[in-house]
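Letters A, B, ... are given to chains in the order of the sequence lines, protein chains preceding strands, and every chain is numbered from 1.
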Amino acid sequence: MQNHLIVFTGPTGIGKTKTGIQIARYFNTEIVSADSRQIYREMTIGTAIPDTEELNAVKHHFIQTHSINDFYNASRYENEALAVIDSIFKANNLVLLVGGSMLYIDAVCNGIDIMPDADPEIRKMLKKKLENEGLESLRFQLKKLDPDYYSQVDLKNPNRIIHALEISLLTGKPYSSFRSNPNKTRPFSIIKIGLNCNRNKLHDRINARVDQMIDAGLENEARNLYHLKHLNALNTVGYRELFAFFNGETNREKAIELIKRNTRRYARKQLTWFRNDNEMNWFEPEQSVEIINYIEKRISDK
RNA sequence: GGUACCAUAGCUCAGUUGGUAGAGCAACGGACUGAAAAUCCGUGUGUCCCUGGUUCAAUUCCAGGUGGUACCA
């Protein structure tokens, strides 16, 4: 029997959690979360993890399973998620991948190239160099170490340049030699469902959700994490703005406004990515019946 | 009811000595393979309140209307 991975995604705040649970229950299966922040156990309110009732309704994977103190990235997620998906397929021929982290979804669907983890010391050194000597000097170094990638990369994007350099320095081989554009084939079919709605409505939902997070005590949650703000996992909408407020860089009201704005922008960025994927099948968040019908039809076609 | 002031982008406001307009914020579009809720790039989106008058030409000047604000009744 053919196994199917249902990718269930869409912008933040659209209602993936709720509809995803309805669909998972209908197919009597489990949910693999594809969310790069809900994976951390130290964050709860600001990442809008499913509530207890929702978590009890369907078995979830990758919700608060890792620590913000541990190194994590899309490649690790690829490996761990594939293992979990594989184990669910032993009892069920359909698995739901629910989340909005574009790169994580992409890693599961298409794979990413095998290369070593970045070395924190090298990254630190490169960051210092960026700070002291500027981006131009990193570009110059990249041009020498990996002229191929230099000609393709966005030369204004420090993260990309630093990453290419850290891999090149670590391995002694150009970063581009690791890039093969994998497109791995998976032992299951992939059906992609995207949720979207009218933009104003989405913004209203996002703004309201941020207010709810504040009411639920996000400020306190962030305050307890303030001492760890240097961690990448906390470079996250909802926390960084509050950290700036704790620093005295802004006031509380403005911080909340910024959380709303940055969440809206994040949603737009997600839509930009998903729009580009012509395998995506779009629905409104209320259309759980239509979505289920669509999935059943796709499954029976195979 | 009277008087004064105001009406320009989604919002707050500039501006045009008459030649159809621009800032901030918001918004929108795009890139993306190991930090991805990250990081980076790009884009003014407009019945200049309405109707008429003067003028080669009106968002700009004039009159009236409508709406708003303030003060006086």
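Within residues 236-263 of chain A, the residues having any heavy atom closer than 4.0 Å to RNA chain B are, in order of number, A:T236, A:V237, A:R240, A:R261. Within residues 42-53 of chain A, the residues approaching RNA chain B are A:G46, A:T47, by heavy-atom distance under 4.0 Å.
Figure legend. B:rG67 is base-paired to B:rC6; pairs are counted as Watson-Crick or G-U wobble with both atom distances under 3.5 Å. Nucleotide B:rG52 has B:rC62 as its partner under the Watson-Crick or G-U criteria, with both atom distances under 3.5 Å. Pair assignment for B:rA14: none, as no Watson-Crick or G-U wobble contacts are both less than 3.5 Å. Checking B:rG44 for Watson-Crick or G-U wobble geometry (two distances, each under 3.5 Å) identifies no partner in any strand. Nucleotide B:rA73: unpaired (no Watson-Crick or G-U wobble partner with both distances less than 3.5 Å). When Watson-Crick and G-U wobble pairs are counted only if both distances are under 3.5 Å, B:rU39 pairs with B:rA31.
Across all their heavy atoms, A:R264 and A:N207 have their closest contact at NE-OD1, 3.3 Å.
Between the side chain of A:N200 and the backbone N or O of A:H203 there is no donor-acceptor pair closer than 3.5 Å. Using modelled atom types, one side-chain atom of A:K184 and one backbone atom of A:I112 make a donor-acceptor pair closer than 3.5 Å. Side chain of A:Q270 to main chain of A:G100: a donor-acceptor pair is present (N/O by atom type, distance under 3.5 Å, no hydrogens or angles).
Contact between the side-chain N/O atoms of A:R268 and the OP1/OP2 oxygens of B:rC28 is found at a separation under 4.0 Å. Regarding contacts with the backbone of B:rA27, a side-chain N or O of A:R265 is found under 4.0 angstrom from either OP1 or OP2.
For the pair A:Y266 OH and B:rA26 P, the interatomic distance rounds to 20 Å; values are reported in whole Å.
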All N/O pairs under 3.5 Å across the protein-nucleotides 31-35 of chain B interface:
residue, atom, partner, partner atom, Å
B:rA31, OP1, A:N276, ND2, 2.9
B:rA31, OP2, A:N276, ND2, 3.3
B:rU33, OP1, A:R160, NE, 3.4
B:rU33, O2, A:D113, N, 3.0
B:rU33, O2, A:D113, OD2, 3.4
B:rU33, N3, A:D113, OD2, 2.7
B:rU33, O4, A:N181, N, 3.1
B:rG34, OP2, A:Y175, OH, 2.7
B:rG34, O2', A:H163, NE2, 3.2
B:rG34, N7, A:D113, O, 3.1
B:rG34, O6, A:D113, O, 2.0
B:rG34, O6, A:I114, N, 3.4
B:rG34, O6, A:M115, N, 2.7
B:rG34, N1, A:S75, OG, 3.3
B:rG34, N1, A:M115, O, 2.6
B:rG34, N2, A:M115, O, 3.2
B:rG34, N2, A:D117, N, 3.4
B:rG34, N2, A:D117, OD1, 2.1
B:rA35, OP1, A:R123, NH2, 3.0
B:rA35, OP2, A:R123, NH2, 2.9
B:rA35, O3', A:N232, ND2, 3.2

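In summary, A:R139 and A:E136 engage in a salt bridge, as defined by a charged side-chain N under 4.0 Å from a carboxylate O. Using a cut-off of 4.0 Å between Lys/Arg side-chain N and Asp/Glu carboxylate O, A:E166 and A:K129 are scored as not salt-bridged. Salt bridge status for A:R223 with A:E219: present, with a side-chain N to carboxylate O gap under 4.0 Å.
Each of A:T47, A:T12, A:T236 was scored for a side chain to side chain donor-acceptor pair (under 3.5 Å) with A:R37, with one residue passing: A:T236. Under the ring pair (Phe, Tyr, Trp, His ring centres under 6.0 Å) test applied with A:F62, the options A:Y72, A:Y104, A:Y40, A:Y77 reduce to a single match, A:Y77.
Cluster membership check: A:F89 shares its hydrophobic cluster with A:L82, using side-chain heavy-atom separations under 4.5 Å among Ile, Leu, Val, Met, Phe, Trp and Tyr.
Taking atom P on both nucleotides, B:rA36 is separated from B:rG30 by 23 Å, rounded to a whole Å. On the P atoms, B:rU8 is 14 Å away from B:rG15, given to the nearest whole Å. Nucleotides B:rG29 and B:rA35 have their P atoms positioned 28 Å apart, rounded to a whole Å.
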- Message: For A:Q141 and A:L126: C-alpha separation, side-chain torsions, deciding distance, then whether side-chain contact (heavy atoms from CB on, under 4.5 Å) applies.
- Response: CA-CA 11 Å; A:Q141 194 177 5; A:L126 289 168; 4.1 Å; yes
